[in-house]
J.: 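Sharing a structure here in structure tokens format.
On a predicted model such as this, the values are computed, not experimentally measured, just so you know.
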Amino acid sequence: MSALTKELKVRITADANGLKGALNGICNDISKVSKDFEGLKKVGEVTSSLGKKLTAGLTLPILGAGVASTKIAGDFESSMNKVSAISGATGKDLQSLEDLAKQMGATTKFSASESADALSYMGMAGWKTQDMISGLPGILNLAAAGGTDLALTSDIVTDGLTAMGLTAKDTDKFVDIMAATCSNANTNVELMGETLKYVGPVAGSLGIEMDDLSVAIGLMGNAGLKGSNAGTALRAGLTNLVKPTKEMANAMKKYGVELVTNKDGSVDLMGTMTNLRTVLGELDQTTQAQALSAIFGKEAMSGWAAIVNASEGDFNKLSSAIANSDGTAKSMSETMQQGMN
């Protein structure tokens with residue numbers, strides 16, 4: 001082999017080895033790029049997943065909250081428009097009512113829209129703007145104390161006040177009496193409202209005080225007579241006492257039962273109940289049943305028997321709680337609205 005041939009062979013071998021090294025380098029670079037690409041792909045997948053989670057966990061709730069807040073604002077506006085239409089409140093008066101509803105929504109368990117709905121029932125009862133502003137907090141306290149719907153409570157209170165011949169100015173006292181009755185007897189706000197539907201107009205026409213009537217309602221509730229049953233029993237009994245038939249009048253005279261009245265001619269229900277408990281309470285069961293049936297009728301006698309036969313302790317406890325009920329609704333409301341919820 002010539003020297004030239006040997007040189008060529010050496011160069012060719014060297015070039016081949018160089019080419020092989022170059023190819024190996026390229027393969028390494030391709031492998032590295034591939035690995036980097038997989039890494040980028042994984043980063044992309046993580047980023048995409050994170051984006052979906054952010055959309056589901058943050059973006060969508062924010063959008064949902066925006067939609068919900070818009071609906072709430074719309075509902076409130078609609079409720080206040082209803083208040084304006086019913087009560088005739090406009091301008092500054094309507095603004096004052098809106099501000100009150102928003103304040104109640106911010107500081108109590110009830111929303112501004114619920115407060116506005118309660119105002120609607122006050123408007124239906126003919127209350128003026130200042131009456132609503134003064135009355136809403138008390139009605140709200142009773143609803144919170146009794147765990148009842150605010151609009152329903154407003155309906156019950158406004159109807160009850162009207163039936164009893166009272167006005168918006170009597171709201172605070174009225175709701176305190178109801179709260180004290182519900183917390184010291186076996187009844188509640190809704191059942192008392194149902195009772196007042198039946199007996200309220202009669203009691204109001206006779207000038208009976210709400211606190212005395214509530215004692216009777218509470219005692220009947222303790223004996224299982226509630227709602228319309230208590231209302232019809234009280235209504236029938238009062239009607240019979242005021243205008244008894246000849247047989248009823250004879251029975252009243254025989255047993256010493258009398259309808260006690262005040263100097264102005266209104267009925268003193270507490271005095272009448274005390275009289276009944278005194279003259280009928282000591283009779284034997286059979287004689288007492290005969291007397292109650294003759295005076296109050298078979299349908300109403302069970303309710304009045306509950307008043308006559310209530311223990312002295314229960315009678316005094318309920319009477320005292322109602323007589324000293326000032327601030328009861330607010331106190332119960334504050335207690336009921338404590339805690340995280």
Side-chain angles (χ1 to χ4, degrees), residues 138-139 141-143 145-148 153 156-157 159-161 163-164 166 170-204 206-238 241 260 267-278 280-281 292 296 300-333 335-336:
I139 290 175
N141 285 336
L142 180 62
T148 52
T153 303
I156 289 171
V157 171
D159 284 352
L161 286 167
M164 293 294 293
L166 302 173
D170 300 304
T171 300
D172 287 344
K173 180 63 176 176
F174 192 87
V175 299
D176 281 339
I177 290 173
M178 288 192 72
T181 305
C182 293
S183 62
N184 288 277
N186 192 2
T187 189
N188 59 43
V189 173
E190 291 185 51
L191 288 171
M192 279 195 74
E194 189 68 15
T195 299
L196 289 171
K197 281 184 183 180
Y198 292 85
V199 70
V202 173
L206 296 175
I208 292 174
E209 299 290 340
M210 178 61 183
D211 50 358
D212 292 348
L213 182 63
S214 296
V215 171
I217 292 172
L219 293 175
M220 288 189 181
N222 288 341
L225 278 88
K226 309 170 188 180
S228 59
N229 290 330
T232 53
L234 281 166
R235 181 180 62 187
L238 289 172
L241 287 171
V260 182
V267 172
D268 178 1
L269 183 57
M270 180 59 71
T272 300
M273 290 190 293
T274 301
N275 168 258
L276 286 167
R277 288 170 57 79
T278 300
L280 299 183
L292 288 168
F296 298 107
M301 64 177 289
S302 58
W304 290 85
I307 295 174
V308 171
N309 295 318
S311 70
E312 198 69 17
D314 287 346
F315 186 87
N316 291 337
K317 176 188 174 184
L318 181 58
S319 299
S320 177
I322 292 174
N324 298 285
S325 61
D326 288 354
T328 299
K330 182 179 180 180
S331 177
M332 289 178 64
S333 171
T335 300
M336 291 292 289

J.: For the backbone of Gly327 and the side chain of Ser331, can you confirm whether one donor and one acceptor N or O come within less than 3.5 Å of each other?
T.: no
J.: Determine whether a donor-acceptor pair (N or O, by modelled atom type, separation under 3.5 Å) exists between the side chain of Thr274 and the backbone of Met270.
T.: yes
J.: Determine the minimum heavy-atom distance between Ala185 and Leu318, stating which atoms define it.
T.: CB-CD1, 4.2 Å
J.: Who pairs with Phe174 by ring-ring contact (aromatic ring centres under 6.0 Å, His included), at least two apart in sequence or on another chain?
T.: none
J.: Got a second to check how far Ile208's CD1 is from Thr272's OG1, nearest 0.5 Å?
T.: 7.5 Å
J.: Do Ile156 and Ile139 come close enough that some side-chain heavy atom pair is under 4.5 Å?
T.: no
J.: How far does CG of Asn275 sit from CG of Leu280, to the nearest 0.5 angstrom?
T.: 7.5 Å
J.: To the nearest 0.5 Å, what is the distance between CG (Leu142) and CD1 (Ile177)?
T.: 11.5 Å
J.: Only pairs under 3.5 Å count here: list side-chain donor-acceptor contacts from residues 220-235, not counting sequence neighbours, and write none if there are none.
T.:
from: Asn222; atom 1: OD1; to: Asn186; atom 2: N; distance (Å): 2.8
from: Lys226; atom 1: NZ; to: Asn186; atom 2: OD1; distance (Å): 3.2
from: Thr232; atom 1: OG1; to: Ser228; atom 2: O; distance (Å): 3.0
from: Thr232; atom 1: OG1; to: Asn229; atom 2: O; distance (Å): 3.0

J.: Can you tell me how far the CG atom of Asp268 sits from the CG atom of Asp212, to the nearest 0.5 Å?
T.: 6.5 Å
J.: Could you tell me which non-hydrogen atom of Gly237 sits nearest to which non-hydrogen atom of Ala300, and how far apart they are?
T.: N-CB, 4.3 Å
J.: List the steps and the verdict of side-chain contact (heavy atoms from CB on, under 4.5 Å) for Val267 and Leu241.
T.: CA-CA 10 Å; Val267 172; Leu241 287 171; over 6 Å; no
J.: Quick check: do Ile307 and Leu276 have side-chain heavy atoms less than 4.5 Å from each other?
T.: no
J.: Once you round to the nearest 0.5 Å, how far does OG of Ser319 lie from CG of Asn324?
T.: 10.5 Å
J.: Quick one, Leu269 and Val215 - any side-chain contact, counting heavy atoms below 4.5 Å?
T.: no
J.: Is there a side-chain contact (heavy atoms from CB on, under 4.5 Å) between Leu196 and Leu213 once you walk through the steps?
T.: CA-CA 9 Å; Leu196 289 171; Leu213 182 63; 3.8 Å; yes
J.: With a 3.5 Å distance limit and no angle check, can you tell me whether Thr195 reaches the backbone of Leu191 through a side-chain donor-acceptor pair?
T.: yes
J.: Okay, side chain of Ser325, backbone of Ile322: is any donor-acceptor separation there less than 3.5 Å?
T.: yes
J.: If I take atom CE from residue Met178 and atom CG from residue Asp211, how far apart are they, to the nearest 0.5 angstrom?
T.: 13.5 Å
J.: Tell me, which pairs form a salt bridge (Lys or Arg N to Asp or Glu O under 4.0 Å) where one or both residues lie in residues 191-202, sequence neighbours left out?
T.: Glu194-Lys197
J.: To check you understand the geometry: which heavy-atom pair defines the closest contact between Cys182 and Met192, and what is its length?
T.: SG-SD, 3.9 Å
J.: Looking at every heavy atom in both Asn184 and Ala321, which two are closest together, and how far apart are they?
T.: ND2-CB, 3.4 Å
J.: Run Leu219 and Trp304 through side-chain contact (heavy atoms from CB on, under 4.5 Å) and show every step you take.
T.: CA-CA 9 Å; Leu219 293 175; Trp304 290 85; over 6 Å; no
J.: Less than 4.0 Å between a side-chain N and a carboxylate O, is that true for Asp176 and Lys330?
T.: no
J.: Heavy-atom distance under 4.5 Å between the side chains of Thr181 and Thr187, does that happen here?
T.: yes
J.: Can any side-chain N or O of Ser333 pair as donor or acceptor with the backbone N or O of Ala145 at less than 3.5 Å?
T.: no
J.: Between Lys173 and Met210, is a side-chain contact (heavy atoms from CB on, under 4.5 Å) present by the stated rule, with each step listed?
T.: CA-CA 9 Å; Lys173 180 63 176 176; Met210 178 61 183; over 6 Å; no
